[in-house]
2 protein chains.
Amino acid sequence: MNIGEIARRSGVSRSTVSYALSGKRPVSEGTRRRIQAVIDELGYQPNAAARALKEGRTRTIALVIPPASQRLTDVQLGFVASIVDAAARADLDVLLSPSGGEHDRSFERVVSGRRVDGVILMEIRLDDDRVARLGQIGLPFVGIGRTARPESMSWVDIDYETLIARCVHHLADLGHRQVALVDRSAELAAAGYGPSHRAQAGFTRAAAERGLTGVRACCADDAAAGLTCVERLLAAHPGLTAIATINEAAIPGMYRALAEAGRKVPADFSIAGVSARHWAENLHPPLTAADVPADELGARAMELLLQRIADPGIPHRHLLVAPPISLRGTTGPARVRESS
Amino acid sequence: MNIGEIARRSGVSRSTVSYALSGKRPVSEGTRRRIQAVIDELGYQPNAAARALKEGRTRTIALVIPPASQRLTDVQLGFVASIVDAAARADLDVLLSPSGGEHDRSFERVVSGRRVDGVILMEIRLDDDRVARLGQIGLPFVGIGRTARPESMSWVDIDYETLIARCVHHLADLGHRQVALVDRSAELAAAGYGPSHRAQAGFTRAAAERGLTGVRACCADDAAAGLTCVERLLAAHPGLTAIATINEAAIPGMYRALAEAGRKVPADFSIAGVSARHWAENLHPPLTAADVPADELGARAMELLLQRIADPGIPHRHLLVAPPISLRGTTGPARVRESS
DNA sequence: TTGTACGCGTTATCAT
DNA sequence: ATGATAACGCGTACAA
């Protein structure tokens with residue numbers, strides 16, 4: 001059923017039905033009620049395609065996530081959940097587009113086909129094709145993450161550099177002298193993934209400030225990778241007593257590697273990281289970590305996007321958060337070691 | 001840029017551009033190449049709304065998930081990932097609709113506004129309003145899960161009844177005499193959530209067949225709930241030595257409750273369940289469980305949906321899977337107890 | 001209140 | 001065989 005059908009059954013014209021619904025022109029109370037009765041009876045909803053064609057907007061946003069084949073981390077899932085939630089509250093639908101950094105069918109279809117009014121981009125790289133493409137097309141977008149030229153776009157982001165530096169200082173305060181940074185995957189870092197680079201910068205800086213020995217290791221986003229990564233670290237650096245990490249998905253594997261190496265956490269070995277709160281709390285021992293406020297960041301990203309959709313000309317806005325480290329069960333004083 | 005712009009820049013008419021793209025009429029090689037060059041240069045994609053309006057299909061499907069506020073379980077995430085993946089392979093976009101069983105804005109907007117060609121429905125209840133509504137509208141859909149009248153719709157599902165019965169038999173074989181079923185939340189069960197009811201049926205039947213004492217407990221989908229649930233179970237039934245469960249999200253909490261009660265798994269206490277493989281493997285000890293093949297089920301659900309979209313008249317098809325139990329680290333012989 | 005042009009891609013029909 | 005023209009789908013909003 002379409003608006004013409006409603007009009008005929010109500011004995012009025014199509015435009016009257018449209019005005020009765022939108023209220024953009026006064027419609028007499030009697031006809032308005034008659035029209036509403038017919039609409040309720042038939043369960044009429046305007047055809048989204050026709051409306052989008054005429055209005056030039058789709059009431060839909062795209063959420064660009066990492067390719068679905070690779071499991072999303074808890075932090076990423078937190079972002080998806082909060083975006084979906086915020087969109088529902090704004091009566092917007094969400095189109096999921098699983099796209100990597102390369103040219104991607106889904107991404108092109110969505111942005112070039114004008115299927116959406118705006119885009120939220122996750123897992124942004126320092127130099128990101130998608131950001132360039134969206135700018136070229138002129139489609140409003142907001143990044144969860146930022147490129148190397150952050151002034152030229154709107155974004156919300158986690159301050160990994162500060163957070164990892166804080167982790168290192170916390171570990172140094174506890175007396176640890178040899179600390180490792182467990183990063184995310186080498187591919188991601190090589191592709192210019194911002195958090196990898198920024199975490200490394202914070203790690204190197206803080207380690208230098210405190211005169212620590214720091215090593216960095218890349219690690220894929222899963223427990224198995226965490227296990228082998230820590231096995232190798234311990235083999236290559238027997239004096240290592242602490243890890244700082246942004247790779248939450250690898251942590252269960254790290255725990256296992258440490259347990260198998262006979263290093264108790266936190267008595268013999270400390271770990272501090274950046275993670276989703278739920279994830280950190282449900283590990284055991286629960287992880288000492290800066291808890292990413294995904295709910296808030298997602299909601300703020302949506303706010304920024306709605307503003308840009310309403311007025312694409314407004315200046316870009318940014319939000320960089322560095323939540324405090326929640327002390328839980330994985331950091332403790334460095335055990336005094338016999339000198340060797 | 002629209003098709004008219006492409007036509008003008010190529011020096012041909014709009015229909016020629018359309019035919020060159022669709023191949024539904026022959027177009028001379030020369031003009032075809034000239035048109036393609038212009039399209040590539042400008043990055044033209046047909047306007048999705050205009051195309052949808054004309055063709056009567058949107059090349060989009062809806063994936064109805066539980067309200068995003070509540071965290072999805074690993075099994076649910078597996079379904080989402082495989083659906084998104086399968087849709088991308090079929091060049092379909094995915095609209096996420098977070099809707100509970102009740103009337104939901106997002107759900108109504110998506111299905112009544114003809115925004116999608118088909119729907120995949122998760123977390124179906126035995127008596128589900130959304131199934132009724134989709135049937136009434138005549139929109140093709142496939143359930144991941146099924147109602148109490150499963151012949152009248154297409155679905156894929158996990159045979160929780162058989163799987164929980166198998167878990168009970170496995171535990172009985174190991175000598176356990178008092179076994180608990182840890183279900184999902186009481187609200188879900190009260191709302192007529194199929195897996196709850198079917199798991200309970202399988203549990204009751206198998207316990208009776210083996211002459212076991214069986215108790216059932218509901219538990220929300222998180223670790224904290226799992227902890228208190230098992231605490232209560234142990235307090236009320238000190239002789240309990242095993243749990244069968246479909247509540248994977250609660251398992252970390254169950255582990256903690258057992259550890260705090262001094263019951264070692266699997267030496268003193270056994271657990272068997274239904275879970276995502278990754279989840280079961282990453283717990284420690286790794287969970288003995290029937291591994292839900294979410295990838296396969298998601299892919300098959302998409303196949304069924306594509307068939308129904310292509311021909312809504314075909315008979316309904318169903319797929320009920322009962323994957324084998326993978327023996328891991330959480331089930332062992334019941335410890336012989338001194339009689340009390 | 002109503003008639004109607006518009007947005008844009010598709011395709012049947014007419015022309016070459 | 002190929003290109004051009006126009007109608008169509010449907011909701012919106014201006015002109016009448």
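Chain letters run A, B, ... following the sequence lines, proteins first and then strands; every chain starts at 1.
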Nearest heavy-atom approach of Val94(A) to Ala87(A) is CG2-CB, 3.3 Å
Give me the residues of residues 28-49 of chain B where at least one heavy atom lies under 4.0 Å from an atom of DNA chain D, by number, or none. Ser28(B), Thr31(B)
At a heavy-atom distance below 4.0 Å, what parts of residues 17-25 of chain A sit against DNA chain D?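 The stretch gives Ser18(A), Tyr19(A), Lys24(A), Arg25(A) as the residues lying under 4.0 Å from the strand, ordered by number.
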Please figure out whether Ser13(B) or Ile3(A) has its closest DNA chain D nucleotide nearer the 5' end.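 With Ile3(A) and Ser13(B) compared, the 5'-side residue is Ser13(B).
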At the 4.0 Å heavy-atom cut-off to chain A, mark where contacts on DNA chain D begin and end, going 5' to 3'.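 The contacted stretch runs from dC10(D) to dA15(D).
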Judged by modelled atom types alone, do Arg133(A) and Ser112(A) share a side-chain donor-acceptor pair under 3.5 Å?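 Present: a donor and an acceptor within the cut-off.
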Report yes or no: does Ser82(B) contribute a side-chain atom to a donor-acceptor pair with the main-chain N or O of Ala294(B) at less than 3.5 Å? yes
For Asp157(B), does its backbone N or O pair with a side-chain atom of His318(B) as donor and acceptor, under 3.5 Å? no
Identify whether NZ of Lys or CZ of Arg in Arg25(B) sits under 6.0 Å from the centre of the six-membered ring of Tyr19(B) and within 45° of that ring's axis.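 Because its charged atom sits under 6.0 Å from the ring centre and within 45° of the axis, Arg25(B) does stack over Tyr19(B).
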Should the pair [X]-[Y] be classified as a salt bridge under the 4.0 Å nitrogen-to-oxygen rule?
X: Asp127(A); Y: Arg125(A); answer: no
X: Glu29(B); Y: Arg34(B); answer: no
X: Arg109(A); Y: Asp91(B); answer: yes
X: Asp93(B); Y: Arg115(A); answer: yes
X: Glu108(A); Y: Arg105(A); answer: no
X: Arg71(B); Y: Asp74(A); answer: yes

Under 4.0 angstrom, heavy atoms only, what part of the nucleic acid is Thr16(B) near: base, sugar-phosphate, or nothing?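 Sugar-phosphate only.
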Test log, rule side-chain contact (heavy atoms from CB on, under 4.5 Å), inputs Ile120(A) and Phe79(A): CA-CA 10 Å; Ile120(A) 288 186; Phe79(A) 285 132; over 6 Å; no
Mind jotting down which residue pairs meet the salt bridge (charged side-chain N to carboxylate O under 4.0 Å, His left out) criterion with at least one end in residues 301-311 of chain A? Sequence neighbours excluded, please. Arg300(A)-Glu303(A)
Measuring from atom CG of Leu304(A) to atom CD1 of Ile144(A), what distance do you get when rounded to the nearest 0.5 angstrom? 10.0 Å
Atom CG of Leu305(A) and atom CG of Asp117(A): how far apart are they, to the nearest 0.5 Å? 8.5 Å
If you walk 5' to 3' along DNA chain C, what is the first nucleotide with an atom under 4.0 Å of a heavy atom in chain B, and what is the last? dC8(C) to dT13(C)
How far does the helix from dT1(C)-dA16(D) to dT16(C)-dA1(D) bend, going by the axes of its first and last five pairs, to the nearest 10°? 60°
